[in-house]
Amino acid sequence: MANLPPSLSIGAASFAAPSPPPPSPGASSSSAAAAAAPGAAKDRKMASAEQLVLDLCDPELRENALLDLSKKREIFQDLAPLLWHSYGTIAALLQEIVSIYPSLSPPTLSPGASNRVCNALALLQCVASHSDTRIPFLNAHIPLYLYPFLNTTSKTRPFEYLRLTSLGVIGALVKVDDSEVIGFLLQTEIIPLCLRTMEMGSELSKTVATFIVQKILLDDVGLRYICATAERFFAVASVLSQMVQALADQPSPRLLKHIIRCYLRLSENSRACTALNSCLPNALKDGTLNNFLQDDHVTRRWLQQLLHNMTMAGMGGAPHGGLDHIMGM
């Protein structure tokens, strides 16, 4: 009754049930303990995270700390600021990264060494994802330490895992629309490294690398950069074309979605739209890949818009009357 408005509490008093007896002291303490439990659990988790971060600076304890933190990084709140601001922690992670440089060429990286450095990369991805640490991470030029991994060509599992995890760090940076991030990646020549993976990586690595290129293109600075010279444009367009041709034999709707989005964004630049007339794969114009898009209405619409843009530019794309037929609509 205490919660009733004053206008109702008086009239309702005669209908009120008898007040319940006060809780026993034992019940009160139990309720208090239950209420305090979540806070205590959070404190224990934070204490555990802090200890593991301290362990990173101890060479004897580092490997286990890397494994535990990489597995539990999702449940440790504010792990990224803790990693970034703890004395010597980022240096320890960079030490793990540079320690395997000698194994890159010739390619002698072992599965165990790959797993260990990928655990360190997973923690850097955590830092790259956090709003408080993303820009300091970028200003310290830490992504440059990952570029040698993206420049490898070995298709063995340890190297593929290394490239994929490195791409995950870059992908975390571009997930948030930030021109400062895009500017840094362009200045440090990330595009050729992504194109290399798009040519020879696994399906998952290709997908992440294409997503990064897509996010760069969606930024106005990135689109202008790629379309500024014929060399840059055709470097991107030729790799995209090769990937489309490969998808006819090994379909991947997820990868195809990112490829089509890249093409659509390129078509929004007048010079690039003109050039697409000579290099857009026929498989995107003749309906070859339509079966892979049956349940993806968004990507189907992107493809329709791409063909429409080319038609409007007089590029010999599908005629208006044929769009619905080609799209199966």
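Only a predicted model underlies this, so the values are computations on that prediction, with no experimental measurement involved.
Under the 4.0 Å criterion applied to side-chain N and carboxylate O atoms, R163 and E160 are assigned as salt-bridge partners.
Applying the salt bridge (Lys or Arg N to Asp or Glu O under 4.0 Å) rule to pairs touching residues 209-236 yields D177-K215, D220-R265, sequence neighbours excluded.
Using a 4.5 Å heavy-atom cutoff, the side chains of F184 and T188 are in contact. Between I226 and L217, some side-chain heavy-atom pair lies under the 4.5 Å cut-off. Between C57 and Y87, the closest side-chain pair of non-hydrogen atoms is not below 4.5 Å.
Atom CG of L276 and atom CG of L306 lie 7.0 Å apart (nearest 0.5 Å). One finds the SG atom of C262 at 6.0 Å from the CE atom of M198 (value rounded to the nearest 0.5 Å). Note: T197 OG1 to L164 CG = 9.5 Å, rounded to the nearest 0.5 Å.
For the pair A272 and C227, the tightest heavy-atom approach, listed with the atom from each and the gap, is CB-SG, 3.7 Å.
Shown here are the salt bridge (Lys or Arg N to Asp or Glu O under 4.0 Å) partners of R62, two or more places apart in sequence or in another chain: E96.
The hydrophobic clustering, which links ILVMFWY residues whose side-chain heavy atoms are closer than 4.5 Å, places I142 and L56 together. There is a path of hydrophobic side-chain contacts, each under 4.5 Å, that joins I170 to L144. Under a hydrophobic clustering in which Ile, Leu, Val, Met, Phe, Trp and Tyr are joined whenever their side-chain heavy atoms come within less than 4.5 Å, directly or via other members, I212 and L218 fall into different clusters.
With no hydrogens or angles considered, no side-chain donor-acceptor pair links Q125 and S129 at under 3.5 Å.
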